[in-house]
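Data first, discussion second: the structure below is written as structure tokens.
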Amino acid sequence: MLKLAPSVLSCSFANVKKAVDEVDSLGLEYLHLDVMDGCFVPEITFGAKLVKDIRRYTDMTFDCHLMTVRPEDKIDAFIEAGADIITIHQEATVHLHRVLQRIKATGIKCGISIVPSTPVSAIMPLLEMADLVLVMTVNPGYGGQKLIQSCLDKVVELKEIREREDYSYLISVDGGVNLTTIQDVATAGADLAVTGSAFFGAEDKDAFIREMNRLIGECV
Ligand code: DX5
Ligand code: ZN
């Protein structure tokens, strides 16, 4: 069943620890951490120090989404900080295969992300080694954008490839996931869905997660 991964991008940075505790107390397995460098995307969020600082308070799976140029220069710090999954962008480095190999060699999981304008065919040779494929359903850089429906076709495509080739990656969807779009994401066949503004904007987060899970359950 599709699992939800709240993104700390949308919490108050004045109180990240409170947000982490909130997600943890709901029993959720994944925490999505959006790293923005002001170059690959216009905004700057945080680096490995924040990941390291919150690592000591939770055992949740840290799904670090690096929206940075030259991820090869940054992965060591995130591995050292305690990331469980490091996802890098196909568009951010020439030597994607080498960076993924380096991440895997340390024993943690590696993910590949594609922006809306990148087709699945661009990462075809790498799918064999991927633990996760992150399909961006908005152009990366900001929370609170509208999900681009056509990107969900890539989820269907990735699911078909995984079955045909007997690959094992998880398919994650990132951008514009909320109560209105979650059923389309579930029906497309995603395993994970990142939720930023919808989750942190919800007054009652427990009720929000229960409602999201109910909607997901209807799609099974
Ligand atoms: C956007 C980030 C997302 C973001 C999603 O560039 O990668 O993870 O937090 O936020 P929402 O759910 O508000 O679209
Ligand atoms: Zn993200």
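Atoms within each ligand, like the ligands themselves, are counted from 1 in listed order. Start at 1 with the first residue, then count along the sequence.
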Do NZ/NE/NH1/NH2 and the carboxylate oxygens of D73 and R70 come within less than 4.0 Å?
yes

Go through ligand 1 atom by atom and flag the ones less than 4.0 Å from a non-hydrogen atom of M67.
6 (O), 7 (O)

Close-contact set for ligand 1 against G144 heavy atoms, below 4.0 Å
11 (P), 13 (O), 14 (O)

Taking atom types as modelled, is there a side-chain donor on D34 or T45 under 3.5 Å from an acceptor on the other?
no

Which N/O/S atom belongs to D174 and is the closest one to the Zn ion (ligand 2)?
OD2

Numbered in order shown, the ligand 1 atoms found under 4.0 Å of a heavy atom of G143 are 10 (O), 13 (O)

Can you tell me which residue and heavy atom of the protein come closest to atom 3 (C) of ligand 1, and the distance to 0.1 Å?
D174 OD1, 2.9 Å

For atom 12 (O) of ligand 1, what's the nearest protein heavy-atom neighbour? Residue, atom name and distance, please.
G196 N, 2.8 Å

Can an N or O of G141 be found at a distance shorter than 3.5 Å from an N or O of ligand 1?
yes

Please check if any side-chain donor atom of T61 sits under 3.5 Å from a side-chain acceptor atom of D84, or the reverse.
no

When you compare ligand 1 with A198, is there at least one nitrogen or oxygen pair between them that comes in under 3.5 angstrom?
no

Atoms of ligand 1 close to Y142 [distance to a heavy atom under 4.0 angstrom, numbered from 1]
1 (C), 6 (O)

Tell me which protein heavy atom sits closest to atom 14 (O) of ligand 1, plus the residue, atom name and distance to 0.1 Å.
G176 N, 2.8 Å

Give the minimum heavy-atom separation between L33 and F62, together with the two atoms involved.
CD1-CG, 3.7 Å

Looking only at N, O or S atoms, find the one in D34 nearest to the Zn ion (ligand 2) and name it.
OD1

Taking atom 13 (O) of ligand 1 as the reference point, the nearest protein heavy atom with its distance
S197 OG, 2.5 Å

For T118, the option from E91, K154, H89 that meets side-chain hydrogen bond (donor to acceptor under 3.5 Å, both in side chains):
E91

Indicate whether any N or O donor in one side chain lies under 3.5 Å from an N or O acceptor in the other, for S113 and Q90.
no

Would you check whether T195 has a nitrogen or oxygen atom less than 3.5 angstrom from a nitrogen or oxygen atom of ligand 1?
no

With heavy-atom distances below 4.0 Å as the criterion, list the atoms of ligand 1 near H65.
7 (O)

May I ask you to list the atoms of ligand 1 that are less than 4.0 angstrom from any heavy atom of H32?
8 (O)

Is it the case that H65 and D63 place a side-chain donor and acceptor less than 3.5 Å from each other?
no

Please could you name the atoms of ligand 1 that P140 approaches to less than 4.0 Å, counting only its heavy atoms?
6 (O)

The atoms of ligand 1 lying under 4.0 Å from a heavy atom of V194, numbered in the order shown, are 8 (O)

Any Lys/Arg nitrogen of E218 or R214 sitting under 4.0 Å from an Asp/Glu carboxylate oxygen of the other?
yes

Does either side chain, that of Q149 or that of D184, offer a donor lying less than 3.5 Å from an acceptor on the other one?
yes

Where do A92 and P71 come nearest, in terms of heavy atoms and distance?
O-CD, 3.7 Å

Heavy-atom neighbours of D204 CG exceed 12 at 6.0 Å
yes

With a cut-off of 6.0 Å (strictly less than), are more than 12 heavy atoms of other residues, nucleotides or ligands near NZ of K205?
yes

Side chain or backbone, does S7 bring an N or O within less than 3.5 Å of an N or O on ligand 1?
yes

Could you tell me which N, O or S atom of H65 is nearest to the Zn ion (ligand 2)?
ND1

